[in-house]
Number of protein chains: 2
Amino acid sequence: MSEEIETEQQILEAAKQIFQERGFAGARMQEIADEADINKSMLHYYFRSKDKLFQKVFQDSIRQFFPEILKVLHADLALTPKIEKLVETYYEMFRKHPHLPRFVIHEMNQHPDRFKEFVKNMGFEIPETFVKQIRQEIESDSMLNIDPREFIINTIGLCVFPLIARPMIETVFKMNNEQYQQFLEQRKKELPKFILNAVKK
Amino acid sequence: MSEEIETEQQILEAAKQIFQERGFAGARMQEIADEADINKSMLHYYFRSKDKLFQKVFQDSIRQFFPEILKVLHADLALTPKIEKLVETYYEMFRKHPHLPRFVIHEMNQHPDRFKEFVKNMGFEIPETFVKQIRQEIESDSMLNIDPREFIINTIGLCVFPLIARPMIETVFKMNNEQYQQFLEQRKKELPKFILNAVKK
DNA sequence: ATACAATTCAACTATTTAGTTGAACTTATT
DNA sequence: AATAAGTTCAACTAAATAGTTGAATTGTAT
């Protein structure tokens, strides 16, 4: 009985690993069972079906990064340290879960309606405080007149893209694994400057 | 006999459609056959296996956008019109092939080594002329000192991200299909300014 | 200790999907 | 017209994969 939670957790960890790496269609229940070091029938005992297990993993995955990002956007910080914090948060998350961004992007596009319903129900929204902060910067003439939505999308996009495009980057710039990691380190420093300069008057 | 090329093309079109939408693992040979309006055995007659058909589609997909982007980078244009052209090229491509960027990102991450080998063999490389152009802008003090690689990645990332993150954007910013399209139109105008301002001294 | 419920697993079935085959048909060549 | 090569399809087999079952085991409460 004390095993119950532990086993369930073990399955979820394994499923997260495999689903995030291969996507729903590419994942095999057997592979998840192997990763969790249990029998395949346990997966069904705990989660009924591949689809139900996937739903849990997908929703957990979103809960894993979305609130953290929103928290940073909402934080009581000036724009410059806030962007720095945001970039740092993204790169830290990638270090822990390298497949997470691509996984979410792929799967939300496979079932956009299901995804939208979920995000709505969870109440994930861009904090109004951040939008106000942007508007204030613009009004006080310290920032170019940019649509706050554009600004958010640009920032997130600049964080995410080099992570999901890794094989492309490694190839065209002839980097090995170490050089790529080094490139990311350099980028972590340069990116906030790039973003802030882009909206500087 | 005159049908040969037509049928093969028909299959490739259908396969491109389905593979780009669902990915390799999510695609069904039957679905491709239905889309091409032919019998399933024809797929094997023309392409032997799902894997071989996929390889062809994947490589064609890359050939479809990579050279075009590189051509723009290599074009004899000043930086500002070149970035404008690049953004335009990306959005035009997305209009024609809405699943292409996400497809390539997903699949190149599933088989990075195979992908790298392919890109190497095709000889896709960032044109040296573009790197020189950036260096010259920096030396002549009209641009901040940015690693040309960063600059390229940022530009491509800013183009691609809003396309692959569509369901997310529609949800958090409460857009319907029309509003999203409108947002992209606005963005096509604003993005080059954002990029160029980001590297302006 | 006994009974009961929860847990585990090997072996199984059901379903989905890729791939094959052979006969019928079409087209080009002589 | 006869022949051969290429093309098409319905029906099939083979393989992969999700899901089930029932017996054995473990843990817990009385």
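Please read all numbers here as calculations on a predicted model, not as lab measurements. First the proteins, then the strands, lettered A, B, ... as listed; each starts at 1.
- Summarising the geometry, the separation between CD on A/Glu6 and C1' on D/dG27 is reported as 14 Å, rounded to the nearest angstrom.
- If you take OH of B/Tyr46 and P of C/dT20, they are 17 Å apart, rounded to a whole angstrom.
- Going from atom CD of B/Glu8 over to atom P of D/dT8 covers 11 Å, rounded to whole Å.
- With sequence neighbours left out, the salt bridge (charged side-chain N to carboxylate O under 4.0 Å, His left out) criterion links B/Glu31 to B/Arg22.
- When rounded to the nearest whole Å, the span between CG of A/Leu53 and P of D/dA18 equals 11 Å.
- Partners of A/Asp76 under the side chain to side chain contact (heavy atoms under 4.5 Å, CB included) rule, at least two apart in sequence or in another chain, do not exist in this structure.
- For A/Glu185, the salt bridge (charged side-chain N to carboxylate O under 4.0 Å, His left out) partners are A/Lys188, not counting sequence neighbours.
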Extract all donor-acceptor atom pairs below 3.5 Å that involve side chains of residues 54-62 of chain B and protein atoms in other chains or at least two apart in sequence.
residue: B/Lys56; atom: NZ; partner: B/Asp60; partner atom: OD1; Å: 3.4
residue: B/Lys56; atom: NZ; partner: B/Asp60; partner atom: OD2; Å: 3.2
residue: B/Asp60; atom: OD1; partner: B/Arg63; partner atom: NH1; Å: 3.2
residue: B/Ser61; atom: OG; partner: B/Gln20; partner atom: NE2; Å: 3.0
residue: B/Ser61; atom: OG; partner: B/Val57; partner atom: O; Å: 2.8

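- Listed by chain and residue number, A/Gln30 satisfy the side chain to side chain contact (heavy atoms under 4.5 Å, CB included) test with A/Asp34 (two or more places apart in sequence, or in another chain).
- The distance from atom NE2 of B/His44 to atom C1' of D/dT7 is 17 Å, rounded to the nearest whole Å.
- Of all the residues in residues 54-61 of chain B, not one reaches under 4.0 Å from DNA chain D with any non-hydrogen atom.
- Residues that satisfy the salt bridge (charged side-chain N to carboxylate O under 4.0 Å, His left out) test with A/Glu125, not counting sequence neighbours, are B/Lys174.
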Do any N or O atoms of the protein come closer than 3.5 Å to N or O atoms of nucleotides 22-25 of chain C, and which pairs are they?
none

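- Listed by chain and number, the residues in a salt bridge (charged side-chain N to carboxylate O under 4.0 Å, His left out) with A/Glu190 are A/Lys193 (sequence neighbours excluded).
- The side chain of A/Lys40 approaches D/dG19 more closely than any other nucleotide in the set C/dT8, D/dG19, D/dA10.
- If you take NZ of A/Lys50 and P of D/dA16, they are 16 Å apart, rounded to a whole angstrom.
- Nucleotide C/dC9 holds its P atom 11 Å from the CG atom of A/Leu43, rounded to whole Å.
- For A/His74, the side chain to side chain contact (heavy atoms under 4.5 Å, CB included) criterion is met by A/Pro127, A/Thr129, not counting sequence neighbours.
- Side-chain contact, B/Asn154 with A/Arg187: a donor N or O sits under 3.5 Å from an acceptor N or O.
- At whole-Å resolution of the value, OH in B/Tyr45 and P in D/dT7 are 4 Å apart.
- Sorted by first and then second residue, the pairs that involve residues 105-131 of chain B and meet ring pair (Phe, Tyr, Trp, His ring centres under 6.0 Å), not counting sequence neighbours, are A/His106-B/His106, B/Phe66-B/Phe124.
- Across residues 11-29 of chain B, B/Ala27, B/Arg28, B/Met29 each have a non-hydrogen atom less than 4.0 Å from an atom of DNA chain C (numbered order).
- With D/dT7, D/dG19, C/dC9 as the candidates, the nucleotide lying closest to the side chain of A/Ser49 is D/dG19.
- Side chain to side chain, B/Ser41 and B/Asn39 meet the donor-acceptor criterion of an N or O pair below 3.5 Å.
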